[in-house]
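Note on naming: letters A, B, ... go to the chains in the order of the sequence lines (proteins, then strands), and numbering restarts at 1 for each one. Note that the structure is a prediction, hence the values are computed from the model and not measured.
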Amino acid sequence: MQPATRTKVLGTPTRVPSPWRERKTSAIGKVVAAMRRCYPPRPMQSARTKIASVLRLVPPAEVRVKGWVRTARDSKQVAFLEVNDGSCFASLQVVCSPELANFDELRGLSTGSAVSVVGELVPSPAQGQPVELRARSVEIVGRAESSFPLQKKRHSFEFLREIAHLRVRTNTFGAVFRVRSALAQAVHSFFQARGFFYVHTPIITASDAEGAGEMFRVTTLDVGAPPRTPTGAVDWREDFFSKPSYLTVSGQLGGETFAMGLSEIYTFGPTFRAENSNTPRHAAEFWMIEPEMAWYDLDDDADLAEAFVKALLRAALEGCGEDLAFFNDRVDRGLIARLEAVVSADFGRIDYAEAVDRLAKSGKSFEFPVFFGANLQAEHERYLTETLIGRPVFVVNYPKEIKAFYMRRNDDGRTVAAMDLLVPKIGELIGGSQREERLDVLERTIRESGLDPAGYSWYLDTRRFGTVPHAGFGLGFERLLMYVTGMENIRDVIPFPRTPRNCGF
RNA sequence: UCCGGAGUAGCUCAGUCGGUAGAGCAGGCGGCUGUUAACCGCCGGGUCGGGGGUUCAAGUCCCUUCUCCGGAGCCA
């Protein structure tokens with residue numbers, strides 16, 4: 001709701017229930033409680049303690065640890081194994097003495113080997129670690145051949161991409177994927193706490209114009225000898241779905257239909273773009289989060305987006321401190337300060353027209369000209385958020401010519417209710433809009449985009465039957481991860497990146 | 001896709017004026033030390049991205065092609 005209307009709904013007090021109160025009565029809250037009751041952990045045959053837990057113990061304590069050797073140092077009298085099991089950033093130093101039956105084997109143990117260690121956790125007499133594990137027995141579970149490519153030195157990210165199946169055993173990628181997991185959970189927590197429903201929109205679609213880029217074709221036809229119609233064209237009626245089908249480029253249209261019944265929903269799933277994009281910010285397969293909300297206007301949309309970004313950054317700062325400290329130290333100095341600044345900042349809001357005006361008057365010379373009707377270039381976006389505004393900023397109300405057909409036409413006749421969230425360092429993080437809910441206007445804008453309304457009959461039905469104002473936005477999950485970790489290439493925040501010419505692993 | 005840069009040992013790189021390739025790390029062997037990017041000695045390791053050309057001679061110069069990286073576009 002607009003601020004103006006928010007305070008005078010029928011004169012009733014406008015105390016909005018805290019989203020956090022909903023959690024206790026929400027479905028997810030009850031499910032979590034039920035899982036705690038019904039699934040007590042069962043002891044494993046050979047139980048182990050995760051290193052994350054071991055490091056919280058007060059020594060002395062007897063534990064079994066299982067993990068992979070990060071580095072090994074040895075001499076006649078003693079051998080040190082640094083063992084990491086991925087449960088946390090830190091590794092555990094295992095001290096092996098010559099009394100161990102297989103001491104000679106352990107001395108030659110190479111980086112990457114898997115071990116199971118039983119021993120006593122004791123305060124470490126040396127600098128470098130508060131505690132260490134004095135081994136009573138070390139079982140070599142899986143030896144790593146000497147050709148194990150990871151060395152105890154810094155590798156380039158380019159090289160590590162070529163061994164994406166092993167790179168998770170490095171400090172950097174262990175941290176990246178712990179943060180990725182934590183943020184994926186935070187996405188769900190954020191929406192579930194607000195009573196949003198998680199919708200699985202289809203991966204395969206026959207909409208050949210979801211409107212967001214080149215699509216991958218899905219077919220079971222023999223591409224070398226497809227069935228033909230009498231005129232020689234490929235006969236798609238013979239294909240699996242009896243028509244051309246593709247991988248989805250967006251869950252938005254499906255999400256909109258669900259918002260017209262569940263009111264507030266979100267999607268969070270894989271998305272595919274067959275663009276020949278060769279940049280550090282694009283992948284052919286990525287994960288996108290798309291909330292869609294009935295009864296929201298553009299301001300409500302931006303409010304939600306702002307709360308969402310702040311909640312996710314806060315989740316990372318509070319839940320992944322050790323990993324973020326590493327990124328701050330080794331990958332992107334200033335990272336934590338920047339994230340904290342965003343969390344506490346009041347995001348700006350500025351009209352596209354005013355943004356263009358201020359960019360034009362800034363005196364800064366850009367490679368591309370700025371004028372009303374121009375797409376803001378990356379250089380414009382960054383100058384706007386970093387210098388002119390100095391904090392995250394929503395740019396709203398773009399010229400209709402440069403935005404998609406489903407965005408709501410404003411009364412001025414030349415702009416649409418679109419918003420882009422720009423953040424320092426990377427530029428656009430979120431794109432969203434209020435949707436065009438008026439049937440006649442939507443049919444017109446579809447035609448103006450050169451599309452056929454007949455192909456959108458089910459989408460248009462939502463405008464035919466109980467249409468309501470609604471809005472939503474899209475956030476590329478990997479873009480967010482790049483922002484949170486400081487990693488500068490999207491290929492390094494997704495387990496097995498798919499990019500042009502690249503579908504290994 | 002366009003523009004720019006780069007491909008040399010497993011990795012990171014050096015290689016002068018065109019004269020048949022080096023270092024550190026990793027690996028193997030040995031030594032030494034409560035070590036921690038451990039240290040010391042020795043050893044092995046190369047179709048210099050591929051193809052073509054110029055030249056007595058090409059890692060080096062020219063053409064072409066592939067791949068990677070960065071910038072732009074498309075976008076999330």
Side-chain angles (χ1 to χ4, degrees), chain A residues 70-83 90-98 107-108 110-112 122 124-129 132 134 144-163 166 170-171 210-214 248-252 267-290 330 366-368 375-379 381 402-404 420-421 423 426-432 473-483 488-494 499-502 504:
Chain A
R70 280 287 174 82
T71 83
R73 300 173 287 273
D74 68 85
S75 70
K76 262 189 188 130
Q77 306 307 317
V78 65
F80 299 96
L81 305 176
E82 237 171 277
V83 176
S91 299
L92 180 64
Q93 172 162 282
V94 172
V95 187
C96 308
S97 72
R107 285 185 61 197
S110 59
T111 306
V122 297
S124 177
Q127 298 294 310
Q129 58 282 317
E132 63 188 24
R134 190 154 294 162
E145 295 179 13
S146 63
S147 57
F148 184 63
L150 290 172
Q151 301 161 17
K152 39 187 167 182
K153 66 171 224 175
R154 214 199 113 79
H155 289 289
S156 67
F157 291 145
E158 290 82 4
F159 170 67
L160 291 172
R161 261 169 236 153
E162 296 169 8
I163 50 168
L166 299 173
T170 63
N171 284 336
E210 282 182 333
E214 291 295 309
T248 183
V249 293
S250 165
Q252 182 194 315
T267 71
F268 182 10
T271 308
F272 307 88
R273 305 274 168 91
E275 302 285 354
N276 188 14
S277 295
N278 294 286
T279 85
R281 299 177 305 284
H282 292 85
E285 176 185 286
F286 63 101
W287 285 61
M288 189 152 63
I289 299 148
E290 295 179 292
R330 296 295 185 84
F366 296 107
E367 190 184 341
F368 294 89
N375 258 313
L376 293 183
Q377 305 290 321
E379 56 172 347
E381 294 181 338
I402 60 173
K403 288 293 182 181
D420 282 356
L421 173 62
V423 295
I426 66 168
E428 182 182 338
L429 186 61
I430 281 178
F473 61 81
L475 169 87
F477 187 52
E478 285 77 18
R479 296 264 176 96
L480 174 79
L481 273 168
M482 291 166 70
Y483 195 60
E488 290 187 333
N489 195 309
I490 195 168
R491 302 169 182 107
D492 297 328
V493 296
I494 192 165
T499 52
R501 298 175 298 281
N502 230 309

> Is the base of B/G71 touched by the side chain of A/R281 through a donor-acceptor pair closer than 3.5 angstrom?
Replying inline: no
> Do the non-hydrogen side-chain atoms of A/M482 and A/I426 ever get within less than 4.5 Å of each other?
Replying inline: no
>> Both A/S110 and A/R107 contact RNA chain B. Which one's nearest nucleotide lies toward the 5' end?
In response: A/S110
> Tell me: CG of A/L376 to P of B/C74, nearest whole Å?
Replying inline: 11 Å
>> As an exercise, state the distance from CG of A/L481 to CG of A/D492, rounded to the nearest 0.5 Å.
In response: 11.5 Å
> Contact class for A/T111 (heavy atom, under 4.0 Å): base, sugar-phosphate, or nothing?
Replying inline: nothing
>> Heavy atoms only, 4.0 Å cut-off, all strands: where does A/P149 land among base, sugar-phosphate and nothing?
In response: nothing
>> When both hydrogen-bonding distances must be under 3.5 Å and the geometry is Watson-Crick or G-U wobble, what is B/A72 paired with, if anything?
In response: B/U1
> Base, sugar-phosphate, or nothing for A/E158, non-hydrogen atoms under 4.0 angstrom?
Replying inline: sugar-phosphate
> Which value, rounded to the nearest 0.5 Å, describes the distance between A/T499 atom OG1 and A/E285 atom CD?
Replying inline: 11.0 Å
> Can you tell me the Watson-Crick or wobble partner of B/G7, both distances under 3.5 angstrom?
Replying inline: B/C66
> What is the distance, rounded to the nearest whole Å, between atom CZ of A/F148 and atom C1' of B/A26?
Replying inline: 12 Å
> Say you pick atom C1' in B/G24 and the same atom in B/A14; how far apart are they, in whole Å?
Replying inline: 11 Å
> Atom CD of A/E82 and atom P of B/A37: how far apart are they, to the nearest Å?
Replying inline: 8 Å
>> With rounding to the closest Å, how many angstrom separate the C1' atoms on B/G71 and B/G15?
In response: 29 Å
> Quick one: CG on A/N375 to CD on A/E381, what's the gap to the nearest 0.5 Å?
Replying inline: 8.5 Å
>> Under a 3.5 Å cut-off for both contacts, is B/U55 paired Watson-Crick or G-U wobble with anything, and if yes, with which nucleotide?
In response: none
>> Given the structure, check if the side chain of A/Q151 and the base of B/G27 hold any donor-acceptor pair shorter than 3.5 Å.
In response: no
> With no hydrogens and no angle check, is any side-chain donor or acceptor of A/E478 less than 3.5 Å from a backbone partner on A/I494?
Replying inline: no
> Separation of A/H155 atom NE2 from B/A37 atom P, in whole Å?
Replying inline: 16 Å
> Does the side chain of A/R70 get closer than 4.0 angstrom to OP1 or OP2 of B/A37 through an N or O atom?
Replying inline: no
>> What verdict does the side chain to side chain contact (heavy atoms under 4.5 Å, CB included) test give for A/E367 and A/E379, after you've listed the backbone C-alpha separation in whole Å, the side-chain angles of each residue and the deciding distance to 0.1 Å?
In response: CA-CA 8 Å; A/E367 190 184 341; A/E379 56 172 347; 3.6 Å; yes
> C1' atom, B/G46 versus B/C11: distance in rounded Å?
Replying inline: 14 Å
>> Using whole Å, what does the distance between atom P of nucleotide B/C75 and atom CD1 of A/I426 come to?
In response: 17 Å
> Expressed in angstrom and rounded to an integer, what is the separation of A/L160 atom CG from B/A26 atom P?
Replying inline: 17 Å
> Quick one: the side chain of A/D74 and the base of B/U35, do they pair up donor-acceptor inside 3.5 Å?
Replying inline: no
> For A/R491 and B/G70, is the shortest distance between a side-chain N/O and OP1 or OP2 below 4.0 Å?
Replying inline: yes
> Which whole number of Å gives the distance between the P atom of B/U65 and that of B/C25?
Replying inline: 41 Å
> Paired with B/A26: which nucleotide, if any, by Watson-Crick or G-U wobble criteria at under 3.5 Å for both distances?
Replying inline: none
> How far does the C1' atom of B/A23 sit from the matching atom of B/C66, given to the nearest Å?
Replying inline: 29 Å
>> If the test is side chain to side chain donor-acceptor pair (under 3.5 Å), which one of A/Q129, A/R70, A/R73, A/Q93 qualifies with A/E82?
In response: A/R73
>> Just to be sure I understand the rule, does A/A283 reach a base, reach only the sugar-phosphate, or reach nothing, if contact means heavy atoms closer than 4.0 Å?
In response: base
> How is A/R161 classified with respect to the nucleic acid when contacts are heavy atoms under 4.0 Å: base, sugar-phosphate, or nothing?
Replying inline: sugar-phosphate
> Looking at B/C75, does its base get a donor-acceptor pair with the side chain of A/S277 below 3.5 Å?
Replying inline: no
> Has the side chain of A/E132 got a donor or acceptor atom sitting under 3.5 Å from an opposite partner on the base of B/G34?
Replying inline: yes
>> If I pick the P atom on B/C13 and the same atom on B/A6, what distance separates them, to the nearest angstrom?
In response: 13 Å
> Looking at A/N278, does any N or O in its side chain come under 4.0 Å of the phosphate oxygens OP1/OP2 on B/C68?
Replying inline: no
> So what does A/F159 hit on the nucleic acid, given a heavy-atom distance under 4.0 Å: a base, only sugar-phosphate, or nothing?
Replying inline: sugar-phosphate
> Distance between the P atoms of B/A58 and B/G4, in whole angstroms?
Replying inline: 29 Å
>> Rounding to an integer number of Å, can you tell me how far A/I430 CD1 sits from B/C75 P?
In response: 18 Å
>> Can you tell me which nucleotide in B/C74, B/U67, B/G70 comes closest to the side chain of A/R501?
In response: B/U67
> Is there a donor N/O on one and an acceptor N/O on the other, under 3.5 Å, for the side chain of A/H282 and the base of B/C75?
Replying inline: yes
> How far, in whole Å, is B/A9 from B/G19 if one measures between their C1' atoms?
Replying inline: 23 Å
>> Students often get this wrong, so: under 4.0 angstrom with heavy atoms, is A/Q129 touching a base, only sugar-phosphate, or nothing?
In response: base
> Contact class for A/L150 vs. all strands (heavy atom < 4.0 Å): base, sugar-phosphate, or nothing?
Replying inline: nothing
> Roughly how far apart are A/T170 OG1 and A/H155 NE2, rounded to 0.5 Å?
Replying inline: 8.5 Å
> More 5' along RNA chain B: A/T499 or A/T279, using each one's nearest nucleotide?
Replying inline: A/T499
> Is any side-chain nitrogen or oxygen of A/R273 closer than 4.0 Å to OP1 or OP2 of B/C75?
Replying inline: no
>> Which residue is it: A/Y483, A/W287, A/F286, A/F268? I am looking for the one with a ring-ring contact (aromatic ring centres under 6.0 Å, His included) to A/F477.
In response: A/F268
> According to a strict under-4.0 Å criterion, is A/N502 in side-chain N/O contact with OP1 or OP2 of B/C68?
Replying inline: yes
> Counting any heavy atom closer than 4.0 Å, what does A/Q93 reach on the DNA or RNA strands: base, sugar-phosphate only, or nothing?
Replying inline: base
